[in-house]
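What you see below is based on every heavy atom in this structure, not just the backbone, and it leaves out hydrogens, waters and symmetry mates. Indexing begins at 1, ligand by ligand and atom by atom, following the structure's order.
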Amino acid sequence: MTLSNGRRYLAIPGPTVVPDRVLAAMHRGSPDIYAGELIAMAEGVLADLRRAAATRAAVAIYVGNGHGAWEAAIANMFSRGDRALVAVTGAFGAGWANAAEGMGVAVERIDFGLRRPADPAAIAAALGADTDRKIRAVLVTHVDTATAVRNDLAAVRAAIDVAGHPALLAVDAVASLGCEALRMDDWGIDVLVAASQKGLMCPPGIGLLWLSDRARTAARDADLRTPYWEFESRADPAEFWHRFGGTPPTHHLYGLREALTMLLHEEGLEAAWARHAVLARAVWAAFDAWGRGGDIALNIAAPGDRSHAVTAARIGGGGAARLRAWCEAVAGVTLGVGIGMVEPDDPARDDFLRVAHMGHVNAHMTLGTLAVMEAGMRALDIPHGPGALDAAAEVVAGAG
Ligand SMILES: *Cc1c(COP(=O)(O)O)cnc(C)c1O
């Protein structure tokens, strides 16, 4: 007998569940890329991508993933030898810093550790110390998917303004776009990156870059630009296919069209943010209960600093790895591995896992995941406190 037959659920923070409607929209022959419906459809997708980020800024679509979008942002902000100030709050912030360094940018990292958000005062202090104004941009990860911390972007903007520094504010929203409140224009974000396979509910394969007018002007002298990553010809193309630096990602565009219709025109962006918040609170309530009777804890202590899209947690004694294996083999749910919490050869890496509640996820998926985790803890004799499922159900009941 097996209890894992039935629809499997990949509860990792990307790639996320692709809705059947998105898959169906992609299931078609290749369209003409020089004329016909694809052109108007792509323009509509770009308009909706601006809506999804609450901005009037121009946006470009790259064939690539989040790492590609990182490079797109770097190429359009910096010249060789320019400085970047990077707020590191987990493995993804560290990764963006490494990408910038690898491209020839002089990177100054402020490491805030793995358990708390970036401190805007430290950013203001670093900018204040940059008296000759060498720092071109401050790079911040909105949600660091490794630690599940959420950074306060409006506060970072205020810190830059308080320092009176001209640096651009560049934000990685790969894990947050479509999942939690993100207001590019209101928060004074100049450069925003995202990708298709998280809150946007599509397969991996598209990287996205938004540039404010200020960032677009600054990009004209960025000497790290190359023909492929350069933004302007994509944002203001002489020919339709220049938008994509070559052949458009045709099928991804159909998928994205459907996903944006679901997110913006059917559910509504703010309703999607609210759904993610409730599911996150249900997961936190379960972990709080489990932690009252075992070596189990959420990674981020303050609820206001936690992502609504992904939860990172510790289950001591290697419990996280054993629980992940059980949930996948016995119950058909795949949980996320911990990333960057300890050195790769440290056995304590088996103590970390992540639960995604990101994208096309509803209450039964999240409550089902928590119930499976509870069953796994019982089966594996992992000590845990009682009442987790009651607490999670209470959150959902209170919100419905
Ligand atoms: C997933 C993720 C990335 C990397 O995206 P890839 O598509 O895997 O290259 C970057 N930043 C954040 C915050 C992410 O969650």
N/O of G66 under 3.5 Å from N/O of ligand 1, yes or no? yes
When you look for heavy atoms under 4.0 Å from ligand 1, do you find them on the side chain of N65, its backbone, both, or neither? both
Compare all side-chain heavy atoms of E230 with those of S233 and state whether any distance is below 4.5 angstrom. yes
Checking a contact table here: which protein heavy atom is nearest atom 4 (C) of ligand 1, and how many Å away? H67 ND1, 3.7 Å
What do we get for D144 next to ligand 1 when only non-hydrogen atoms under 4.0 Å count, side chain, backbone, both or neither? neither
Measuring only between side-chain heavy atoms, which start at C-beta, is T16 closer than 4.5 Å to Q197? no
Enumerate the atoms of ligand 1 whose separation from the nearest heavy atom of K198 is less than 4.0 angstrom. 1 (C), 2 (C), 3 (C), 14 (C), 15 (O)
With a cut-off of 4.0 Å, which atoms of ligand 1 are near a heavy atom of V143? 13 (C)
Answer yes or no: is there a side-chain heavy-atom contact under 4.5 Å between M341 and R115? yes
Take the angle between the ring planes of Y34 and W241 and call it parallel below 30°, perpendicular above 60°, tilted in between. perpendicular
Atom 15 (O) of ligand 1: nearest protein contact (heavy atom, Å): T145 OG1, 2.4 Å
Just heavy atoms, cut-off under 4.0 Å: does W96 contact ligand 1 by side chain, backbone, both, or neither? neither
Parallel, tilted or perpendicular: ring planes of W187 versus H142, cut at 30 and 60 degrees: perpendicular
Listed partners of F244 passing ring-ring contact (aromatic ring centres under 6.0 Å, His included), at least two apart: F240
Among non-hydrogen protein atoms, atom 11 (N) of ligand 1 lies closest to D172 OD2, 2.6 Å
Any chance you could lay out the ring pair (Phe, Tyr, Trp, His ring centres under 6.0 Å) test for W284 and F287, step after step, and finish with the verdict? CA-CA 5 Å; W284 305 341; F287 271 96; over 10 Å; no
